[in-house]
Amino acid sequence: MKVKQKYNHYWLMKSEPSVFSIEDLRQAENQTNFWDGVRNYQARNMMRDQMKIGDLAFFYHSSCKVPGIVGVIEVIKSAYPDKTALDPNSPYFDPRHTKQNPRWFGVEVKLVKIFDKIIPLEILKKNTKLSDLALVKKGNRLSIMPVPESAWLEILNSKN
DNA sequence: GCCAACGTTGGC
DNA sequence: GCCAACGTTGGC
């Protein structure tokens, strides 16, 4: 029996604002950008194999004073090889990645909305309805993760 | 800047 | 293929 693949449509994508913030995305050409620098296989696989055009994602600021969700972005182009892996001068350079045999991928995203106020991680952690969200689970380090629809809606609802 | 909790690497 | 050592993430 053929099992129908169930696709997720909501994601969360982390970025350090000192490297690339949602404000940088707002100022980018067409408010779009290639999501480069992902060097984790789980995160790569989700981008490469599951993210589809039209999928929505929370933009999350990590490793900063107040980590949290700062807005929404949309996938406008599905995954293709990450050029920064070819560049010896890039911090994301990986000699195992070649044009013929690419190892790392990214998607193109476009800004949808910047929230008036950040939704801090601290608040998300306190919300008992979000217990199935990978972000609030102990030890989570994934830079890209699926967001269950229920959690997506709850987070949007929770901001006043 | 510390360090827990991961993921990755490489010797065997 | 195991697993110790090492590197990285990211909240605090």
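Computed from a predicted structure; not experimentally measured. In what follows, chains are A, B, ... by sequence order, proteins preceding strands, each numbered from 1.
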**Message:** Is the shortest side-chain heavy-atom distance between Lys14(A) and Met145(A) below 4.5 Å?
**Reply:** yes

**For the student: nearest non-hydrogen atoms of Phe105(A) and Met47(A), plus distance** = O-CE, 3.0 Å

**Complete:** For residues 106-157 of chain A, the ring pair (Phe, Tyr, Trp, His ring centres under 6.0 Å) pairs (sequence neighbours left out) are Tyr10(A)-Trp152(A), Phe58(A)-Trp152(A)

**Item:** Summary of ring pair (Phe, Tyr, Trp, His ring centres under 6.0 Å) pairs that have at least one residue in residues 61-80 of chain A, sequence neighbours excluded
**Value:** Phe34(A)-Tyr80(A), Phe59(A)-His61(A)

**Item:** Five-pair end axes of the helix from dG1(B)-dC12(C) to dC12(B)-dG1(C) and the angle they enclose, rounded to 10°
**Value:** 10°

**Asked** Among Leu25(A), Thr32(A), Val72(A), Asp24(A), which residue meets the side chain to side chain contact (heavy atoms under 4.5 Å, CB included) test with Leu111(A)?
**Response** Leu25(A)

**Asked** For nucleotides 6-12 of chain C, read 5' to 3', which letter fits each nucleotide if B means a protein heavy atom sits under 4.0 Å from the base, S means only the sugar-phosphate is that close, and - means neither?
**Response** -BBBBSS

**Counterpart residues, side chain to side chain donor-acceptor pair (under 3.5 Å), relative to Gln27(A) (two or more places apart)** = Glu23(A)

**Message:** Quick test of your reading: applying side chain to side chain donor-acceptor pair (under 3.5 Å), list the pairs with at least one residue in residues 126-149 of chain A, sequence neighbours left out, ordered by first then second residue.
**Reply:** Asn127(A)-Glu154(A)

